[in-house]
Amino acid sequence: GRSSDDAGGGRREGGRGRGGAEEKARGGRCLGGEYHQLVRRGLEEEASPALLLGQGPQAGPEQQDQQGRPRHRLQRCNLGGQYDDTFDDVQMQLMNYFTYKAVRTVLTQLYEMNPPSYRWFYNFVAVNKPTDGKLFLRALSKERQELAERVMVTRLHLYGKWIKKCDHGKMYEMISDENLKLMRERLMETVIWPTDDTNTEKIG
């Protein structure tokens with residue numbers, strides 16, 4: 001009787017060992033399962049704005065289940081920002097960028113036509129970075145008013161050319177296609193594909 005109990009206990013231990021190994025293997029194959037579900041759902045819905053803006057489920061603070069093991073709670077986030085139908089920050093960035101492009105254009109023109117002014121303006125730009133267009137032009141106008149006016153006219157001209165050439169529909173498609181490509185790349189990097197060992201284990 002005792003030997004049979006020992007044998008039964010050994011079978012139970014062996015079963016638990018095999019079950020633990022299978023569970024671990026399944027866990028390895030499902031690594032990042034919540035993330036993969038989000039990616040697959042995003043691909044199926046053609047990258048819905050809610051997911052792309054970070055408004056979909058995301059792992060939150062840890063909690064414990066009934067067995068006391070830590071688990072993650074899903075919560076919403078607002079990585080996309082709260083614009084309230086305004087994009088003032090985007091408009092400001094565009095103004096700063098076109099100021100920067102205008103400075104580069106004026107530097108190129110001065111290099112070809114007025115080397116002394118080029119050297120002065122080059123040194124001024126090295127000290128006063130044109131990252132903030134308004135502050136840059138305000139400082140430049142105090143030193144060389146004619147150069148400040150030239151930069152202002154140039155940036156307005158460049159913006160006018162960009163408005164005529166910019167295809168907003170194409171830009172939307174480019175952003176959407178790049179989002180999908182990055183999501184697919186990440187999915188392919190993180191998925192653990194079944195190997196011959198796992199197939200043999202299942203058959204056995």
Side-chain angles (χ1 to χ4, degrees), residues 32 35 38-59 76-191:
Y35 170 79
L38 288 178
V39 173
R40 292 191 183 98
R41 190 173 67 185
L43 295 176
E44 291 172 359
E45 297 176 0
E46 297 183 355
S48 64
L51 290 176
L52 295 178
L53 293 178
Q55 296 172 354
Q58 180 176 348
R76 293 183 178 273
C77 64
N78 292 308
L79 296 178
Q82 298 293 338
Y83 288 104
D84 296 329
D85 298 330
T86 63
F87 291 84
D88 294 339
D89 56 338
V90 178
Q91 296 173 5
M92 185 60 64
Q93 290 297 324
L94 280 174
M95 291 182 63
N96 292 334
Y97 180 71
F98 277 101
T99 302
Y100 164 77
K101 286 188 69 69
V103 168
R104 291 184 57 183
T105 302
V106 172
L107 276 172
T108 302
Q109 294 171 351
L110 292 176
Y111 180 81
E112 296 174 353
M113 298 183 297
N114 194 339
S117 295
Y118 165 80
R119 287 192 294 269
W120 184 92
F121 194 32
Y122 180 89
N123 293 330
F124 180 85
V125 173
V127 176
N128 304 273
K129 304 295 183 182
T131 52
D132 188 316
K134 185 176 182 179
L135 295 179
F136 176 83
L137 290 171
R138 185 178 292 165
L140 180 60
S141 63
K142 294 179 180 179
E143 300 289 336
R144 297 279 295 269
Q145 178 68 27
E146 74 281 3
L147 282 179
E149 293 178 358
R150 185 168 181 172
V151 171
M152 287 187 281
V153 171
T154 302
R155 73 171 179 174
L156 188 61
H157 174 70
L158 290 174
Y159 181 76
K161 290 180 64 177
W162 178 74
I163 285 294
K164 295 178 181 178
K165 293 184 177 181
C166 179
D167 187 342
H168 298 287
K170 183 178 180 180
M171 179 63 67
Y172 183 90
E173 291 180 1
M174 290 173 60
I175 295 174
S176 178
D177 292 343
E178 184 173 282
N179 288 340
L180 290 172
K181 182 179 178 181
L182 292 171
M183 293 169 70
R184 287 193 183 98
E185 288 178 356
R186 182 56 183 163
L187 180 61
M188 297 299 293
E189 290 173 357
T190 55
V191 168

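What you see is a predicted model, and the numbers here were worked out from it, not measured in a lab. Excluded from the calculations below are hydrogen atoms, water molecules and symmetry mates; all remaining heavy atoms, backbone and side chain alike, are included.
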Proximity of Phe124 and Phe136 rings by center, below 6.0 Å: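 That pair passes the under 6.0 Å test.
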
Let me confirm one number: the [atom1]-[atom2] distance from [X] to [Y], rounded to the nearest 0.5 Å.
{"X": "Asp88", "Y": "Gln91", "atom1": "CG", "atom2": "CD", "answer": "5.5 Å"}
{"X": "Trp162", "Y": "Phe98", "atom1": "CH2", "atom2": "CZ", "answer": "5.5 Å"}
{"X": "Glu185", "Y": "Thr190", "atom1": "CD", "atom2": "OG1", "answer": "11.5 Å"}
{"X": "Leu107", "Y": "Glu112", "atom1": "CG", "atom2": "CD", "answer": "11.5 Å"}
{"X": "Met152", "Y": "Thr99", "atom1": "CE", "atom2": "OG1", "answer": "10.0 Å"}
{"X": "Tyr118", "Y": "Asn123", "atom1": "OH", "atom2": "CG", "answer": "9.0 Å"}

Which heavy atom in [X] sits nearest to a heavy atom in [Y], and how many Å separate them?
{"X": "Phe121", "Y": "Val106", "result": "CE2-CG1, 3.8 Å"}
{"X": "Val103", "Y": "Val151", "result": "CG2-CG1, 4.1 Å"}
{"X": "Ser117", "Y": "Arg144", "result": "OG-NH2, 3.4 Å"}
{"X": "Arg150", "Y": "Met113", "result": "NH2-CE, 3.4 Å"}

Looking only at atom types and distance, does a side-chain atom of [X] sit under 3.5 Å from a main-chain N or O of [Y], one as donor and one as acceptor?
{"X": "Ser176", "Y": "Tyr172", "answer": "no"}
{"X": "Ser141", "Y": "Arg138", "answer": "yes"}
{"X": "Asn179", "Y": "Ile175", "answer": "yes"}

A quick test of your reading: do over 12 heavy atoms of other residues, nucleotides or ligands sit less than 6.0 Å from [atom1] of [X]?
{"X": "Glu178", "atom1": "CD", "answer": "no"}
{"X": "Tyr100", "atom1": "OH", "answer": "no"}
{"X": "Tyr159", "atom1": "OH", "answer": "no"}

Sequence-distant partners of Lys170, side chain to side chain contact (heavy atoms under 4.5 Å, CB included), two or more places apart: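 Once residues adjacent in sequence are excluded, the partners of Lys170 under the side chain to side chain contact (heavy atoms under 4.5 Å, CB included) criterion are Asp167, Met174.
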
Worked check of side-chain contact (heavy atoms from CB on, under 4.5 Å) between Asn96 and Thr131: CA-CA 6 Å; Asn96 292 334; Thr131 52; over 6 Å; no

side-chain hydrogen bond (donor to acceptor under 3.5 Å, both in side chains) partners of Gln145, counting only residues at least two apart: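 Counting only residues at least two positions away or on another chain, Gln145 forms a side-chain hydrogen bond (donor to acceptor under 3.5 Å, both in side chains) with Glu149.
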
Side-chain touch Leu135/Asn128, heavy atoms, less than 4.5 angstrom: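 Leu135 does not reach Asn128 side chain to side chain.
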
